Amino acid sequence: MNELSRTDREILNILQADFPLTTSPYRDVAKSLNLDEDEVIARIQAMKKSGLIRRIGGIMDARSLGFYSTLCACKVPEQRIDEVAGIINQQKGVTHNYIRDHEYNMWFTLTAPSQDEAMQILKSLQNDAGIEVISMPAKQVYKIKVSFEMSETDAL
Amino acid sequence: MPYDSTDREIMRFLQGDIPLESRPYKNLAERLELSEEEIVLRVKKLREKGFLRRMGAVLRHRQAGFAVNAMVAWKLENEEQADRAGKIMAGYKEISHCYIREVPPDFDYSIFSMIHVKNEERLAEIIEEISLQTGIGKYIIIRSSRELKKESMQYF
């Protein structure tokens with residue numbers, strides 16, 4: 001990632017914070033940076049290929065859409081990690097799952113159309129995996145930010 | 001009805017990776033028998049109504065130069081501390097998410113913050129600052145050691 005140019009960083013900042021809501025967003029990004037649209041698209045393509053950009057699209061708000069989400073954690077014996085991860089990860093609505101260095105070593109997020117459905121899913125996951133899962137839904141949200149400013153001084 | 005079936009189709013399109021083309025909404029517009037302008041107008045409305053939190057690029061933290069990504073959970077000594085602490089944490093650009101969660105009695109650490117920084121020194125610095133400002137002395141850093149799953153939520 002060391003060769004990420006100033007132009008790439010400028011493109012990334014716009015793509016994250018100011019994505020044009022127009023019929024030709026990349027042309028508008030190009031215009032604001034005095035570049036050619038084809039060049040902008042090629043640069044974005046390269047940043048997707050390198051893995052820096054996961055995707056370009058919409059980030060929905062689960063709560064506004066009426067969905068329920070919760071952070072879950074469980075204690076999984078070392079030798080059962082892959083097996084239990086297999087059970088949990090195949091569940092629709094489980095979007096993130098990490099091994100963390102804590103007594104509760106497996107942490108995953110679950111989003112479901114309602115609280116009832118989420119509880120049902122957790123119940124069956126617990127049954128299928130034979131483990132106990134704790135659920136920690138947010139009761140107060142102070143911040144959800146999903147963009148990162150790529151400043152010029154950032155040593156990438 | 002907060003959103004109609006056309007909005008659903010649009011959100012189904014947006015929750016994925018939209019085409020990296022000069023006119024990314026062209027095919028969708030044809031399929032839905034709408035103009036591209038109408039699609040964009042609906043996208044804007046979805047954002048105004050809060051269903052769409054953001055439109056744009058989603059990056060992979062690690063590859064964006066944020067080598068240290070830590071979940072830090074803080075222990076509240078009293079409920080009155082919560083709001084002030086949440087607001088202080090939310091003020092950090094290095095903190096992407098900050099929530100107060102319902103936690104089981106044996107867990108005890110209820111304010112969760114996700115911190116993304118370039119190195120361990122900066123992480124230690126931020127934690128110390130927050131601790132001083134909020135008066136919260138007890139916290140745990142819950143680091144991830146393995147990613148088992150990470151994908152975007154498919155709502156529709």
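Worth knowing before you read on, the calculation uses all heavy atoms, side chains too, and leaves out hydrogens, waters and symmetry mates. Since the structure is predicted, the reported quantities are computational estimates derived from the model, not experimental observations.
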When you measure from the side chain of [X] to the backbone N and O of [Y], does any donor-acceptor pair fall under 3.5 Å?
X      : Y      : result
B:R23  : A:T23  : no
A:K143 : B:S113 : no
B:R60  : A:L52  : no
A:R100 : B:I142 : yes

Non-hydrogen atoms of [X] and [Y] that approach each other most closely:
X      : Y      : value
B:K44  : A:L21  : CE-O, 3.3 Å
B:Q154 : A:K92  : O-NZ, 3.9 Å
B:F112 : A:M136 : CZ-SD, 4.1 Å
B:I18  : A:F19  : CD1-CZ, 4.2 Å
A:A62  : B:Y155 : CB-OH, 3.4 Å
B:K150 : A:H96  : CE-NE2, 3.5 Å

Notebook entry, point to check: Strictly by modelled atom types, are B:S152 and A:R55 linked by a side-chain donor-acceptor pair under 3.5 Å?
Noted result: yes
Note to self: What part of A:T109 gets within 4.5 angstrom of chain B, counting heavy atoms only: side chain, backbone, both, or neither?
What the structure shows: neither
Next item on the list: Pick one of side chain, backbone, both or neither for A:M47, based on which atoms fall under 4.5 Å of a heavy atom in chain B.
Entry: neither
Item checked: side chain to side chain donor-acceptor pair (under 3.5 Å) pairs, two or more places apart, involving residues 34-48 of chain A -> A:S5-A:R43, A:D8-A:R43, A:E37-B:S22, A:E39-A:R43, A:K48-B:D17
Heavy-atom distance under 4.5 Å between the side chains of [X] and [Y], does that happen here?
X      : Y      : answer
B:V58  : A:I59  : yes
A:Q16  : B:R54  : yes
B:P104 : A:I134 : yes
B:K93  : A:K145 : yes

For the hydrophobic clusters of this structure (ILVMFWY residues joined by side-chain heavy atoms under 4.5 Å, transitively), does one cluster hold both [X] and [Y]?
X      : Y      : result
B:Y99  : A:L110 : no
B:M71  : A:F108 : no
B:L32  : B:V40  : yes
A:L125 : A:I131 : yes
A:Y104 : A:L122 : no

Winner by heavy-atom pair count (cut-off under 4.5 Å) against chain B, out of [options]:
options               : answer
A:I88, A:V40, A:V141  : A:V141
A:D18, A:I99, A:I41   : A:I99
A:A30, A:A138, A:P137 : A:P137
A:P25, A:G93, A:S64   : A:S64

Checklist line | A:Q140 CD to B:C98 SG distance, which is reported to the nearest 0.5 Å | finding: 9.5 Å
Next item on the list: Quick one: sort the B:F107 and A:W107 rings into parallel, tilted or perpendicular, breaks at 30° and 60°.
Entry: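 The rings of B:F107 and A:W107 stand perpendicular, inter-plane angle above 60°.
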Next item on the list: Start with the C-alpha gap between B:R53 and A:M60, add the side-chain angles, then the distance that decides, and say whether side chain to side chain contact (heavy atoms under 4.5 Å, CB included) holds.
Entry: CA-CA 5 Å; B:R53 199 188 299 142; A:M60 304 299 164; over 6 Å; no
Checklist line | side-chain contact (heavy atoms from CB on, under 4.5 Å) partners for A:N89, two or more places apart | finding: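 Once residues adjacent in sequence are excluded, the partners of A:N89 under the side-chain contact (heavy atoms from CB on, under 4.5 Å) criterion are A:A85, A:V94, A:N97, B:L148, B:K149.
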Margin query: Are there over 12 heavy-atom neighbours, none belonging to A:Q120, within less than 6.0 Å of that residue's CD?
Written below: no
Checklist line | Any pair counted as salt bridge (charged side-chain N to carboxylate O under 4.0 Å, His left out), so long as it reaches residues 106-129 of chain A, sequence neighbours left out | finding: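 Matches after skipping sequence neighbours: none remain.
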Item checked: Residues in residues 65-82 of chain A near chain B [non-hydrogen atoms, under 4.5 Å] ->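 Within residues 65-82 of chain A, near chain B: A:L65, A:F67, A:L71, A:I81, A:D82.
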Max heavy-atom pair count under 4.5 Å with chain A, selected residue of [options]:
options               : result
B:E36, B:E147, B:M114 : B:E147
B:Q15, B:E21, B:R143  : B:R143
B:E37, B:E102, B:R47  : B:E102
B:V43, B:I140, B:I95  : B:I95

Which atoms of [X] come close to chain A, meaning under 4.5 Å heavy atom to heavy atom: side chain ones, backbone ones, both, or neither?
X      : answer
B:D106 : side chain
B:I141 : backbone
B:F156 : side chain

Notebook entry, point to check: Can A:Y142 and B:D83 be said to form a side chain to side chain contact (heavy atoms under 4.5 Å, CB included), step by step?
Noted result: CA-CA 9 Å; A:Y142 288 102; B:D83 221 43; 2.5 Å; yes
Next item on the list: Decide side chain to side chain contact (heavy atoms under 4.5 Å, CB included) for A:I56 and B:M55; before the verdict, give the C-alpha distance in whole Å, the side-chain angles of both, and the deciding distance to 0.1 Å.
Entry: CA-CA 8 Å; A:I56 296 175; B:M55 188 58 202; 5.6 Å; no
